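Predicted model, so just to flag it, every value in this text is computed and none were measured. Every number for a ligand or one of its atoms is a count from 1 in the order of the listing.
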Amino acid sequence: MKAVAVLPGKPNSVHLQDIPPPKLTDQPQPHVCRIPDGRAVLVKVLQIGVDATDREINEALYGNAPPGGDYLVIGHESFGQVVEVGHKVHELKPGDYVSCTVRRPGGSLFDTIGRNDITSEEVYYERGINLCHGYLTEYFVDDMEYMVKVPQNLKHLGVLSEPASVCAKAIEQAFLAQQRLQVWHPRRAFVLGAGQIGLLATMMLKLRGMEVYTLATKPGPHRKSEIAEAYGATYVSTKQTPLADLVKQVGKPDLIFEATGNAEICFRAMEILAHNGALVWTSITGGKHEVTLDAAKINLEWVLGNKLLVSSVNGNRRHFELGIQALSHGEHTYPGVTERILTHPVAGLDNYKEMMKILEDKEALKVYVNVAK
Ligand code: BGC
Ligand code: ZN
C-alpha cells in the first residue's frame, strides 16, 4: 500500500513509499512497546492533517526513522475508521471513527503511569515524527490504549482531534498549575497567533466564559479574523494595534496562550501578563533567534507579580478526549464555525508534493489529505 515518507536527515526527500499493508497481529512499534494480546485495532485511514512539523521534518530539521530503517512515514494527525478489532477490544467495533494519539511510552516513571506526554526522557517516540512511522498511509494498526473514539456526528471535524488535544492539554495545564493560587478566575485572555492552534484555543477559552482577544499580524477582515469573531472573541491585528496599545485599551491579560511559532513573541508576552497570571507556550520554534529585552524589568515584575510560565507539548488519550469534547461543545455553541478551519484539502496520497507546497502558504489554516471515503 501507499505511504508518504521522508528520508530523515535528507532535505526535501518526501516521496511515496510502498509498504506492506498491516495485519491485526502486527507489532508496529516493537522497539518501543508491544500491543497486548487481543488489544490491537486495525484502522482504515480517512483523513490525515499535516502541519509545520511535517514541513520541518521534510526540511530535515528533526525527525528520525525507526531503528533499522532509512525512511519515516510522516503524518501524526489521524482520523480513520475501525476495520477490525482484537478479541479483547470491547470499547470499539468496526465502523467506529477514531483518532490515534501520537506519543508512545519511553522508560520514565511518567511513561509508566500513562503520562508519556510529559516523559522525562530526552528521547521521545512519536508516530510520524520521531522513531515511529506515522499515519499518512492507507491502513494502520495500533493498541486500543491509544485509540480515541470520535462521535459519528463529529466526523466532519475528526481530523482536528490531534490539534484540539494539544490545545485542551495546554489550557488544562495552565489551570492545574494555577491551583497554586487557591482561587483563580481568569477574566481576560490573549491568544497570540491565529493559526489552527490559536483558533481552537480561542474557542476553548470562550467556552470557559472568558473575554478573549485573538492577535495576529494581518489586519482583518479575513477568514482567521472571521472565525475568531464567530467564536465571540475580538480579533486584533498587531500591525494596527501593537500589543502595548491593546494592553492600554483593555488591560493586562490573566492568561496568555502563545501559538505564533515566533520565539521573540514568546518572550515579549512576558512583558504584558497581569499579576498572578499564566503564560502558556505551545510554539515549537526551530533554528536560532536572538532577542534583546529588559530582563531586569521582567524579572522584577514577574517576582513581585507571582507570575507563571507553563510550557505544554503533545497530548495523551485523556487530552484527546478533552479536545474532542471541546470540539463537540464548540459545534453546539458555534455551529458550523470550526469547519471553516479546514481550509486546504489535498486529494489523495499521490498529491504529496502539492501537500508540502501548501504547507508553505501562511494563509493555510488546516492542510489535510483526503485519503479515503
Ligand atoms: C505535535 C505534537 C508533538 C510535537 C513535537 C507537534 O506538531 O502536534 O503531538 O508532540 O509536534 O514533536
Ligand atoms: Zn502537529
Does D117 approach ligand 1 within less than 4.0 angstrom via side chain, backbone, both or neither, non-hydrogen atoms only? neither
The atom of H76 among N, O or S that is nearest the Zn ion (ligand 2) is NE2
How about H344 and D361: do any of their side-chain heavy atoms sit closer than 4.5 Å? yes
Show the nearest heavy-atom pair for residues S328 and L154, with the distance to one decimal. CA-CD1, 3.8 Å
Side chains of N58 and N12: is there a donor and an acceptor less than 3.5 Å apart? yes
Around R34, counting heavy atoms of other residues, nucleotides and ligands shown, do more than 12 lie under 6.0 Å from its CZ? no
Below 4.0 Å, non-hydrogen atoms only: which portion of E77 touches ligand 1? Side chain, backbone, both or neither. neither
In D51, which N, O or S atom comes closest to the Zn ion (ligand 2)? OD2
With heavy atoms only and a cut-off of under 4.0 Å, state how N130 meets ligand 1: side chain, backbone, both or neither. neither
Hey, which atoms in ligand 1 end up nearer than 4.0 Å to a heavy atom of I284? 4 (C), 5 (C), 11 (O)
So, D111 and S108: side-chain donor and acceptor under 3.5 Å apart, yes or no? yes
One thing to verify: whether R39 and D37 come together as a salt bridge, which I'm taking to mean a side-chain N less than 4.0 angstrom from a carboxylate O. no
Proximal ligand 1 atoms for V313, defined as those under 4.0 Å from one of its heavy atoms: 4 (C), 10 (O)
For H222 and E363, test the side chains for any donor-to-acceptor distance below 3.5 angstrom and give the result as yes or no. no
Of the protein's non-hydrogen atoms, which lies at the shortest distance from atom 5 (C) of ligand 1, and what is that distance? E126 OE1, 3.4 Å
Side chains of I129 and V102, heavy atoms from C-beta outward: is any pair under 4.5 Å? yes
Within the 4.0 Å heavy-atom cut-off, what T53 brings close to ligand 1 is side chain
Which of the numbered atoms in ligand 1 are below 4.0 angstrom from a heavy atom of D51? 7 (O)
Quick one: nearest non-hydrogen protein atom to atom 2 (C) of ligand 1, plus distance? E162 OE2, 3.6 Å
